[in-house]
Amino acid sequence: MKDSVYRAPKGTRDLVWPDSERRRSFIDLFAGIVSRAGYAEIVPPMFEHIEVFQRLGDGTDVVRKEMYDFEDKGGRNIALRPEQTASIVRAYAEHRPSLPWKVWYAGPNFRYERAQKGRFRQFDQVGVEALGTDDPHLDVEVIAIAWRFYEALGLRQVNLLLNSVGTSQDRTRYIEALSGYLEKRKDDLSTEAQETLVSNPLRVLDSKRNEDIGVVSEAPSILEHLSDDANSHFNRVQEGLEKLKIPYSVEPNLVRGLDYYVQTTFEFTTESIDAAQDAIGGGGRYDGLAAEMGAPATPGVGFALGLDRTLMACEAEKTFIGPEQLLQIYVVDTTGGENSLVITDQLRQNGFKVDRSFGDRSMKAQMKAADKSGAKIALIIGEDEVEKGVVTIRDLRGEEGQEEIASDSIIANLEKRLG
RNA sequence: GUGACCGUAGCUCAGCUAGGUUAGAGCACCUGUUUGUGGUCCAGGAUGUCGGGGGUUCAAAUCCCCUCGGUCACCCCA
């Protein structure tokens, strides 16, 4: 607190146990689900040439003003990744893997923003990307994976919002129609929305301001501007979701912040967080992005889920709570520590979660530490035990009390107690 | 980038309105009551440049200004 140099930088924090372990379990659970669907892990670099991200479009704030960019010692313009889709499509363009190419990722992204609840400058996302087919069933698969993951976490209050912004031609035609309409109603819009209208008209649809909501509700709908192809794609996606019994609602005003989306776009929101940050995940199709990165035109679809926000939702729904204990066994040794040294090592080799006391502390202090550690069992070694060739096993949590066990049957006894 | 609120012990906070002797509480920590036994109780102990700088004053945690930091909201997004 004294000196800002000795604090984590603004918008970052240290994840310590149990939060650190909760994060790991979260990623493990995700990895299990996606790997069963044929997705392989990819670990792209955390920074790229800035052009890679600029390909995402200059209409997005994420690239316009939120990038951590700098010049490296070689004079290259580098940016910390604000998201991972761009890196992955760049990797695709670079390596040209065989298709379809299905990958998943987990790791931090960086955006230079004012931090607030559920919004950090370094934040973790997990996600998948699938390139190589424009089959709407792939859209469904990607959405379903996210949905099943939320279910696996135990979340029940998640909503799937679905939309189609059509092909890039549809999108362009729609933007014209929308801009025309909004220009006419410009005076009714908030000043902020009027600015957005110039930079990125689609995003006006997303405004939550009261004065804008009325204007937006009467705006032409994207769904009326879809080409036949886009329409049938969108219908197939919806049919697929219905077959899988995944509930969704079509939101014609759903506009994602990244410009590269075409056709299907979707977002997951939670009802359990009443704060502003209720968007816990989202994604869509980006059929034009690979070509943009210099690869042959290749369709793609993917999603990203915010790890921190999803865990906030878990907290609100009291599910996927953190680990209960770090330790199973705590070794107390009042004979100098050699016995503890050896037995602790043995128990660890046998798969138990074990810690011990260090320093020459009294039995009372060691027992206190054993209790505080959360361990279920204390193993006590004192002069008496050494003489008799036993150890005392004391139950710290239940009613079992304690008993002396011959040194050579400790492992069997502990296995029985701890299951 | 804009706005609001908040910075006092490791943590949560009281004290500030109407400035006045060594700045408090609870939790946590350590020790003891019990020289081989934790969790409850009791007793004792350690811990603060009252975010930083400047000003007003005989006197500032308290009033004023600046600054740094934090939180939340807008914006944007996960």
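Each chain gets a letter, A, B and so on, in the order its sequence line appears, and its residues count up from 1. Basis for what follows: all heavy atoms, side chains included, without hydrogens, waters or symmetry-related copies.
Using a 4.0 Å heavy-atom distance criterion, Glu385(A) is classed as a base contact. Residue Phe268(A) is classed as having no contact, given no heavy-atom separation below 4.0 Å to the nucleic acid. Contacts of Gln366(A) with the nucleic acid, taken as non-hydrogen atoms under 4.0 Å apart, are absent. When heavy atoms are screened at a 4.0 angstrom cut-off, Arg361(A) is found touching the sugar-phosphate backbone but no base atom. Using a 4.0 Å heavy-atom criterion, one finds that Ala279(A) contacts the sugar-phosphate atoms exclusively. If you check every strand for non-hydrogen atoms under 4.0 Å, Asp124(A) touches nothing. Among the atoms of the strands shown, none is found under 4.0 Å from any heavy atom of Gly127(A). Residue Ile380(A) is in base contact, counting any heavy-atom pair closer than 4.0 Å across all strands shown. Among the protein residues, Glu267(A) comes within range of no part of the nucleic acid, since none of its heavy atoms lies under 4.0 Å from any strand.
Comparing the C1' positions of rC13(B) and rC6(B) gives a spacing of 13 Å, expressed to the nearest Å. Straight-line distance between the C1' atoms of rA61(B) and rU21(B): roughly 16 Å, to the nearest whole Å. Going from the C1' atom of rG70(B) to that of rU8(B) covers 15 Å, rounded to whole Å. Nucleotides rC16(B) and rU34(B) are separated by 46 Å at their C1' atoms, to the nearest Å. Comparing the C1' positions of rG3(B) and rG39(B) gives a spacing of 49 Å, expressed to the nearest Å. rC64(B) and rU57(B) have their C1' atoms separated by 12 Å, with the value rounded to a whole Å. Across rG19(B) and rC58(B), the matching C1' atoms stand 12 Å from one another, rounded to whole Å. rG51(B) sits 36 Å from rG32(B) when the P atoms are compared, rounded to a whole Å.
A cation-pi arrangement is not found for Arg121(A) relative to Tyr68(A), the charged atom failing to lie both closer than 6.0 Å to the ring centre and inside a 45° cone about the ring normal.
Side-chain atoms of Arg356(A) and Ser340(A) include a donor-acceptor pair closer than 3.5 Å. Remark: the Thr85(A) side chain and the Glu129(A) side chain contain an N/O donor-acceptor pair separated by less than 3.5 Å. Using modelled atom types, one finds a donor on one side chain and an acceptor on the other under 3.5 Å when comparing Thr298(A) with Tyr92(A). Checking Ser272(A) against Gln157(A) by side-chain atom types alone, no donor-acceptor pair falls below 3.5 Å.
In terms of polar N and O atoms assigned as donor or acceptor, the side chain of Gln84(A) never comes within less than 3.5 Å of the base of rA78(B) in a complementary pairing. With hydrogens and angles left out, the side chain of Arg309(A) and the base of rC77(B) share a donor-acceptor pair within 3.5 Å. In the interface, the side chain of Arg119(A) is paired with the base of rC76(B) through a donor and an acceptor atom under 3.5 Å apart. For rG1(B), its base never sits under 3.5 Å from the side chain of Arg114(A) at any donor and acceptor pair.
Between Lys364(A) and the phosphate of rG38(B), there is a side-chain N or O to OP1/OP2 separation shorter than 4.0 Å. Contact check, Lys10(A) against rG70(B): a side-chain N or O comes under 4.0 Å of OP1 or OP2. Distances shown here put every side-chain N or O of Gln116(A) at or beyond 4.0 Å from the OP1 or OP2 atom of rU71(B).
As rounded to whole Å, 14 Å separates atom P of rC72(B) from atom CD of Glu113(A). Straight-line distance from the CZ atom of Phe110(A) to the P atom of rC77(B): 20 Å, rounded to whole Å. Taking atom CE of residue Met367(A) and atom C1' of nucleotide rU37(B), one finds them 5 Å apart after rounding to whole Å. Note: NZ (Lys376(A)) to P (rG39(B)) measures 20 Å, nearest angstrom. Atom pair Lys117(A):NZ and rC74(B):P shows a separation of 13 Å (rounding to whole Å applied). For the pair Asp278(A) CG and rC75(B) P, the computed distance is 13 Å after rounding to whole Å. Note: CD (Glu66(A)) to P (rA78(B)) measures 10 Å, nearest angstrom. If you measure from atom CE of Met312(A) to atom C1' of rU71(B), you get 13 Å, rounded to the nearest angstrom.
Between Phe268(A) and Trp147(A), the ring planes are tilted. Angles from 30° to 60° get that label.
Toward the 5' end of RNA chain B, the nearer of the two residues Arg121(A) and Lys368(A), judged by each one's closest nucleotide, is Lys368(A). Taking the nucleotide of RNA chain B with the nearest heavy atom to each of Lys372(A) and Thr392(A), the more 5' of the two is matched to Lys372(A).
Judged by distance alone, the side chain of Arg81(A) and the main-chain N or O of Pro45(A) form a donor-acceptor pair under 3.5 Å.
Pairing for rG24(B) goes to rC13(B), judged as Watson-Crick or G-U wobble with the two contacts each under 3.5 Å. Under the Watson-Crick and G-U wobble criteria, each requiring two contacts below 3.5 Å, nucleotide rC72(B) is paired to rG3(B).
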Item to check | side chain to side chain donor-acceptor pair (under 3.5 Å) evaluation trace for Thr167(A) with Asp170(A) | outcome: CA-CA 5 Å; Thr167(A) 63; Asp170(A) 299 343; 3.2 Å; yes
